[in-house]
Amino acid sequence: MSLSSPASLLDVELQPGKPPILRAEATGDAPDWAAEHRAALRAVVAEQGAVLVRGLGLRGAAETAAVFRQLATSLMTEKEAFAARQVYADGVYSSATWPANQPMCMHHELSYRLEVPSLLLFACLGAPTRGGATAVSDSPTVLDALPMGLTERFERDGWLLTRSYNDEIGATLAEAFGTEDHAAIESYCRANAIEFAWQPDGGLRTRQRRSAVVRHPMTGKRCFFNQIAFLNEWTIAEEIREYLVDVYGADGLPFNTGFGTGEPLTEEIVELINGVYESNTVREPWQAGDLMLVDNIRTAHSREAYEGPREILVGMAEPVRVPDASPSNEVTLG
């Protein structure tokens, strides 16, 4: 089946189990192609939540950065990163550093921030030999598929992210905040409703409470918008989790999530959320030269385990402050 709408003027393949795919004819000038088709591509993303463009033939970081800038009004500088990235250009990054044999579960990028990217851009410069797809999942569908009692609790209480920063694992202070200056970090935390406490060893521990369900700023649809399962201890491989707890203690994990009240999540709840995501996941293996656009609020994404070299460039764009992204009592936690 194909999508053909007056808004997009593009034929997009819609197949079960796959994201929407647009077959582009390579012209040798990808930035010009992107400029010509910007409005149509953005219309497809608005209608479908994501689109994979195949055949554009992206070859390098400079060309990819130019394409990203044609498709997005503004690229964001990442703040509060959960893992290190290589910077290729202003607003153009590598995918997050993460073990190749460990999947990155479904999540919405930077959903724990007050200002979030509404659009994600991905470009594949090198496809792995096996696995490694950036799969996607429709968050309103996931919300409807989760047990009502659980979603009602998340809507009432929100979710809590706890982070412990050190120089040995996870993002460093400089990678997360762009500085190691304590006063600047404290100022950022105060301005962004993040509780913080400096540890005796010089590390930093933070907590931030956010809404787990928000309304899409354009469509008004309720979206399960968070990183509850991905950044939870029960999603970490058992042997890695046991090592981290042994070295840093149960309260010193690089990140963990819970209900907004501070109550921890059970392993069963995390498995339930990940299971619902998996039942509503669509995927297409990367091919070198591919481009993908994702509505970051409507559509969750993941990175599957892989083998062989994989080079994906990422742009986070069109920052928005979701009106209901932050529960009103977030800064009153004890």
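All residue numbers refer to positions in the sequence shown, counting from 1. Only this structure's heavy atoms are used, side chains among them; waters, hydrogens and symmetry mates stay out.
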Would a distance-only check, ignoring hydrogens and angles, find a side-chain to backbone donor-acceptor pair under 3.5 Å from [X] to [Y]?
X      : Y      : value
Glu152 : Gly149 : no
Ser187 : Ala183 : no
Arg163 : Thr206 : no
Gln199 : Ala197 : yes
Thr299 : Val294 : no

**Request:** Could you check Arg156 against Thr151 for side chain to side chain donor-acceptor pair (under 3.5 Å), going step by step and ending with a plain yes or no?
**Result:** CA-CA 8 Å; Arg156 181 181 67 248; Thr151 58; over 6 Å; no
Aromatic centroids of [Y] and [X] separated by under 6.0 Å:
X      : Y      : result
Phe225 : His216 : no
Phe230 : Trp98  : yes
Phe82  : Tyr112 : no

**Message:** Go through it in stages, so that I can follow the logic: the residues are Leu173 and Thr179, the test is side-chain contact (heavy atoms from CB on, under 4.5 Å), and I'd like the CA-CA distance, side-chain angles, deciding distance and then a yes or no.
**Reply:** CA-CA 7 Å; Leu173 290 177; Thr179 179; over 6 Å; no
**Item:** Results of side-chain contact (heavy atoms from CB on, under 4.5 Å) for Asp29 - residues two or more places apart only
**Value:**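 So Asp29 forms a side-chain contact (heavy atoms from CB on, under 4.5 Å) with Thr27, Pro31, Asp32.
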Salt bridge check: are [X] and [Y] linked by an N-O gap of less than 4.0 Å?
X      : Y      : answer
Glu155 : Arg222 : yes
Arg190 : Glu186 : yes
Arg321 : Glu115 : no

Measuring from atom [atom1] of [X] to atom [atom2] of [Y], what distance do you get when rounded to the nearest 0.5 angstrom?
X      : Y      : atom1 : atom2 : value
Thr257 : Trp234 : OG1   : CH2   : 12.0 Å
Glu195 : Arg207 : CD    : CZ    : 4.5 Å
His108 : Asp295 : NE2   : CG    : 9.0 Å
Glu36  : Leu41  : CD    : CG    : 10.5 Å
Asp11  : Ile21  : CG    : CD1   : 14.0 Å
Ile228 : Asn226 : CD1   : CG    : 3.5 Å

**Prompt:** Quick one: salt bridge (charged side-chain N to carboxylate O under 4.0 Å, His left out) pairs with a partner in residues 50-62, sequence neighbours left out?
**Reply:**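 Every salt bridge (charged side-chain N to carboxylate O under 4.0 Å, His left out) pair that includes a residue of residues 50-62, provided the two are not neighbours, is Arg54-Glu284, Arg54-Asp290, Arg59-Glu63.
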Give a yes or no on whether [X] and [Y] share a hydrophobic cluster (residues Ile, Leu, Val, Met, Phe, Trp, Tyr; joining criterion: side-chain heavy atoms under 4.5 Å apart).
X      : Y      : answer
Tyr306 : Leu313 : no
Trp198 : Tyr165 : yes
Leu14  : Leu22  : yes
Met316 : Val87  : yes

**Request:** List the steps and the verdict of salt bridge (Lys or Arg N to Asp or Glu O under 4.0 Å) for Glu47 and Arg42.
**Result:** CA-CA 9 Å; Glu47 293 173 359; Arg42 296 293 297 267; over 6 Å; no
Any idea which heavy atoms bring [X] and [Y] closest together, and the distance?
X      : Y      : result
Pro319 : Met76  : CB-SD, 3.6 Å
Ser302 : Met104 : CB-O, 3.1 Å
Pro20  : Gln48  : CG-CB, 3.7 Å
Cys105 : Thr235 : SG-CG2, 3.1 Å
Ala35  : Gln70  : CB-OE1, 3.3 Å
Leu253 : Leu244 : CD2-CB, 3.6 Å

[X] vs [Y] side-chain heavy atoms within contact, under 4.5 Å:
X      : Y      : result
Lys221 : Arg215 : no
Leu291 : Phe68  : yes
Val67  : Leu58  : yes
Asp157 : Arg209 : yes
Asn296 : Leu119 : no
Tyr93  : Glu78  : yes
Asn232 : Ile273 : no
Val92  : Leu75  : yes

**Message:** Met292 vs Val53, test: side-chain contact (heavy atoms from CB on, under 4.5 Å). Steps then yes/no.
**Reply:** CA-CA 6 Å; Met292 183 180 239; Val53 181; over 6 Å; no
**Asked** With distance as the sole criterion, is a donor-acceptor pair present between the side chains of Thr129 and Glu307 under 3.5 Å?
**Response**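 No.
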**Item:** Donor + acceptor pair across side chains of Glu80, Gln208 (<3.5 Å)
**Value:**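 Short answer, yes.
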**Asked** Under the side-chain hydrogen bond (donor to acceptor under 3.5 Å, both in side chains) test, which residues partner Thr77, sequence neighbours left out?
**Response**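 Result, side-chain hydrogen bond (donor to acceptor under 3.5 Å, both in side chains) vs Thr77: none returned.
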**Item:** Partner set under side-chain hydrogen bond (donor to acceptor under 3.5 Å, both in side chains) for Thr134, not counting sequence neighbours
**Value:**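 Thr134 satisfies side-chain hydrogen bond (donor to acceptor under 3.5 Å, both in side chains) with Trp286, Arg310 only.
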**Prompt:** Is atom CD of Glu268 surrounded by more than 12 heavy atoms (other residues, nucleotides or ligands) closer than 6.0 Å?
**Reply:**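 Result for CD/Glu268: enclosed.
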**Neighbour count >12 (heavy atoms, 6.0 Å) for atom CG, Asn101** =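 Enclosed: over 12 neighbouring heavy atoms sit under 6.0 Å from CG of Asn101.
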**Message:** Per the ring-ring contact (aromatic ring centres under 6.0 Å, His included) rule, what does the pair list look like for residues 17-63, sequence neighbours excluded?
**Reply:**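 Every ring-ring contact (aromatic ring centres under 6.0 Å, His included) pair that includes a residue of residues 17-63, provided the two are not neighbours, is Trp33-His37.
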Side-chain donor/acceptor pairs under 3.5 Å, residues 136-145, sequence neighbours excluded:
residue, atom, partner, partner atom, Å
Ser137, OG, Asn280, O, 2.9
Asp138, OD1, Arg298, NE, 2.9
Asp138, OD2, Thr141, N, 3.1
Asp138, OD2, Thr141, OG1, 2.7
Ser139, OG, Ile297, O, 3.2
Ser139, OG, Arg298, O, 2.5

**Request:** Assess whether side-chain contact (heavy atoms from CB on, under 4.5 Å) is satisfied between Phe154 and Ser211, documenting all intermediate values.
**Result:** CA-CA 7 Å; Phe154 277 129; Ser211 291; over 6 Å; no
**Request:** Test the Arg153-Phe259 pair against the cation-pi criterion, namely NZ or CZ under 6.0 angstrom from the six-membered ring centroid and within 45° of the ring axis.
**Result:**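 The answer is yes; both the distance and angle limits are met.
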**Request:** Could you check Val270 against Asn274 for side-chain contact (heavy atoms from CB on, under 4.5 Å), going step by step and ending with a plain yes or no?
**Result:** CA-CA 6 Å; Val270 175; Asn274 282 328; 3.8 Å; yes
